[in-house]
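Letters go in sequence order (proteins before strands), and every chain restarts at 1.
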4 protein chains.
Amino acid sequence: MTGKKTSVRHEVKSSVKDESLIEKRRDQMIRGAVKLFREKGFHRTTTREIAKEAGFSIGTLYEYIRTKEDVLYLVCDRIYEEVNDRLSQLAEKQGTVDGLKDAIRLYIETINDMDDEFTVMYQETKSLPKTALSYVLEKELEMAGLFERMLAGCSEAGEIRLTEKEARLGAHHIIVQGQMWAFRRWALRKQFTLGEFIEMLTDQLLHGVAGLQREGEAT
Amino acid sequence: MTGKKTSVRHEVKSSVKDESLIEKRRDQMIRGAVKLFREKGFHRTTTREIAKEAGFSIGTLYEYIRTKEDVLYLVCDRIYEEVNDRLSQLAEKQGTVDGLKDAIRLYIETINDMDDEFTVMYQETKSLPKTALSYVLEKELEMAGLFERMLAGCSEAGEIRLTEKEARLGAHHIIVQGQMWAFRRWALRKQFTLGEFIEMLTDQLLHGVAGLQREGEAT
Amino acid sequence: MTGKKTSVRHEVKSSVKDESLIEKRRDQMIRGAVKLFREKGFHRTTTREIAKEAGFSIGTLYEYIRTKEDVLYLVCDRIYEEVNDRLSQLAEKQGTVDGLKDAIRLYIETINDMDDEFTVMYQETKSLPKTALSYVLEKELEMAGLFERMLAGCSEAGEIRLTEKEARLGAHHIIVQGQMWAFRRWALRKQFTLGEFIEMLTDQLLHGVAGLQREGEAT
Amino acid sequence: MTGKKTSVRHEVKSSVKDESLIEKRRDQMIRGAVKLFREKGFHRTTTREIAKEAGFSIGTLYEYIRTKEDVLYLVCDRIYEEVNDRLSQLAEKQGTVDGLKDAIRLYIETINDMDDEFTVMYQETKSLPKTALSYVLEKELEMAGLFERMLAGCSEAGEIRLTEKEARLGAHHIIVQGQMWAFRRWALRKQFTLGEFIEMLTDQLLHGVAGLQREGEAT
DNA sequence: CATGAATGAGCGTTCATTCAT
DNA sequence: GATGAATGAACGCTCATTCAT
């Protein structure tokens, strides 16, 4: 539907040739970086700390990246990869409210599992170099697009009634609520379990705050 | 009503005695800092730049603060002050859906006016020293509490039906959507005007995605 | 005579305002840098060493320059300044062989006094950033021009006979011999005193290797 | 004639046994290194770049040398070898001015052909380790000695009249002019062709600046 | 013999903070 | 109260060299 696939992957150069080694080392690196970024933020984390946490020397770190910002980009990229992997199982059931509910559940659960990564991503995104930033933002728009099409599908199937704009805002709403679960957990998890949160969220999205009818509708 | 008033203001020490001068200088400082933080983030902004933008020397800057983080705190503090000032006019009309709508409108409009400040606050909050951070988070809970009480008020007045938990989530929802209007504006403002956003937000909060009835309710 | 005065001074930015302080600190810096560059070359000298030799901290060093290359430029610039100061006393006596001899003597003596500086300059020049490099080369061409005009003047005055090209080569010859006295001193000073060198140089320039007549001339 | 043969070749250790392979690899290495040193200087060239330019890995590079400076030494050594090869054809014709002129021509032409190598050598010489440095300087003195003997030969043969010191300075003069053609080419080649330069140089060496008689000589 | 991943000392540079004037 | 020169710890990054494969 969105024909344009402009998102050119922002390649991170490595001076190491062995692709599988690159994969392995970057894995270590990302794992370490996420932990540190979560604790102290991108700017307060030093490259030496990342290397140490990853289990190798500063020299080795720089065999696999070019700049510190590359690490941040790698982290962001990894997150989208994983979220997309998880969400891609939802291709079927398009156009049903049940399918939408499943998607929301899956999305929030994914965030719940990866909340360090998400928090990092939403708080440090602006430190990305220009080209990496636009790649990441595009990825996010793709994700929003996925929910937008689901909502539009439900509307076409007649299960709910939505204008195009409403579908767009609804998609945005879902994305944002997911982010909220990640980076407002200091407030939310004292009061809600994961299950409660998902249920209430879905409920509120579909029905709004209880007891009110849409204007112009009969009781 | 909220009995607990634990939020001890995180004092920022100044070596200058004249209170009105402190006020004036900090004003200049905050104005300059917000501009710079918005452009380049807290970490990429230097104290020299803040001083320069504020119109005095670093020496002078350090007469009014103790550390760079103090500036960030001052910025955050100022924001809540202003938001509270604006929202405090809403004390009346508690317990009506119209009052709630007005509050949401006022809140989002405030954010729209101060979006630089808000963006800064939500992106840099974690750089605050511990005590300042908890003060700021508490301030935000107060704000959420304001909306929570409004929702609860409406429920008590019978206009809508909400459990305590639902009211709490609804309040978070409002807060978070406001934040989104500030720091996801790159995505949202291409698609919605301020008015549209407020309307759809309110609508969605109260009615959910169109056309669906709450389960167990008659059509 | 050479109408074009394109040599735009390559400004070195300092974050310190006080001009006389800049002068003083850069003096210390240049003195220290020359010593170190002489001993170990530009690349093997660290900025910390320069700062230490100059008598202040690394932080202070960077208040007066922007990059390490600025130090090198400052050194080169200083040398030309001094040489020009010294040579400018020769404006009169243009057009006489005696004037030329004096100029050569003065030039070589200057180099003899500043030979560390000259050695540094001729060996490290290529490490200069582009704009600084062309400024320095231009300065040197100016100096060559000075000798070229002197030779041409003698020729016009009829004391010697030279084509334009010969005058130009003669000027280069003088410049280069001066450089040699600076950075081939390990070979030369074992065998010649300063006076001898000047005398022989002048002699050779004017008369060539002894005993031969220009072809076509009578004995 | 010069009885002392103190120049002990500064051996460069290789962990490879096969002599002809050593020869071959070092050839590649030198060729690559000269190109890179010329472009960026010794210090700005990395060992990885040298290896790559030579066509093998750094691992392999270090099988044939011990330190980066060894590469520089190898380059310098190669240059003298080649120059000596070229100049050695001049053993005959000693003692004639024509022989001297041929030698000068050959020397300058050699430099013209190898000017990258010469430039590198004269600019990076000081980065050589102590023992390598003295070996190289000695080589150069040998070359100067060659010209010195030629001049002395001419004098003995009665073609020109020179004291020992004058012969020494004359030799130095020739060497220096050659260097000048290599590393002042930015200035010289705009104004002179190779042929012109050689001719004027020879002329000036033998006759000096035109039109002047040696003092005390009759016209 | 050849490879190239790993190492870490060391470099140039920045910037929050201090304090004498 | 205001200034801005001085400080030095700390940062991101490089690169000569080693050594297991």
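A/R25 comes within 4.0 angstrom of the backbone, heavy atoms only, and of no base. Counting non-hydrogen atoms under 4.0 angstrom, D/T46 reaches the backbone sugars and phosphates but no base. As judged by a 4.0 angstrom heavy-atom cut-off over every strand, D/S15 is placed among residues making no nucleic acid contact. Residue B/S14 is out of contact with every strand shown, counting any heavy-atom pair closer than 4.0 Å.
A cation-pi contact, defined as under 6.0 Å to the ring centre and within 45° of the axis, links C/K68 to C/F42.
With respect to C/E53 and C/R38, no salt bridge is recorded, no charged nitrogen being found less than 4.0 Å from a carboxylate O. Under a 4.0 Å N-O distance rule, the pair C/R44/D/E69 qualifies as a salt bridge. In this structure, C/D27 pairs ionically with C/R78, as a charged nitrogen and a carboxylate oxygen lie closer than 4.0 Å. Salt bridge annotation for C/E49-C/K40: present, with a cationic side-chain nitrogen under 4.0 angstrom from a carboxylate oxygen. Under the 4.0 Å criterion applied to side-chain N and carboxylate O atoms, C/E63 and B/R48 are assigned as salt-bridge partners.
Shown for residues 48-57 of chain A: residues whose heavy atoms fall under 4.0 angstrom of DNA chain E, namely A/R48, A/F56, A/S57.
When the shell of 6.0 Å around NZ of B/K126 is examined, it contains more than 12 heavy atoms from other residues, nucleotides or ligands. Applying the 6.0 Å contact sphere to NZ of B/K24 captures no more than 12 heavy atoms from other residues, nucleotides or ligands.
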Hey, what are the protein-to-nucleotides 19-21 of chain F N/O distances that come in under 3.5 Å?
none

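Listed pair D/T47 / F/dC15 fails the phosphate criterion, with no side-chain N or O lying under 4.0 Å from OP1 or OP2. Contact check, D/T60 against E/dT3: a side-chain N or O comes under 4.0 Å of OP1 or OP2.
Distance check: A/K17 NZ to A/I22 CD1 gives 10.5 Å after rounding to the nearest 0.5 Å.
Each of B/V16 and A/T45 has a nearest nucleotide on DNA chain F; the 5'-most of these lies closest to B/V16. Mapping A/I65 and C/K17 onto DNA chain F via the closest heavy atom, the residue that lands nearer the 5' end is C/K17.
A distance-only check finds a donor-acceptor pair linking the side chain of B/T45 to the backbone of B/G41 [under 3.5 Å]. Side chain of B/S134 to main chain of B/T131: a donor-acceptor pair is present (N/O by atom type, distance under 3.5 Å, no hydrogens or angles).
Between the CE atom of B/M29 and the C1' atom of F/dA2 there is a distance of 13 Å, rounded to whole Å. Taking atom CZ of C/R44 as the reference point, atom P of E/dG10 lies 14 Å away to the nearest angstrom. Here the P atom of nucleotide F/dC11 and the NZ atom of A/K68 are 9 Å apart, to the nearest Å.
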### Task
Dot-bracket for DNA chain F, please, read 5' to 3', with Watson-Crick or G-U wobble pairs under 3.5 Å on both distances, ( ) within the strand, [ ] crossing, | other strand, . unpaired.
.||||||||||||||||||||
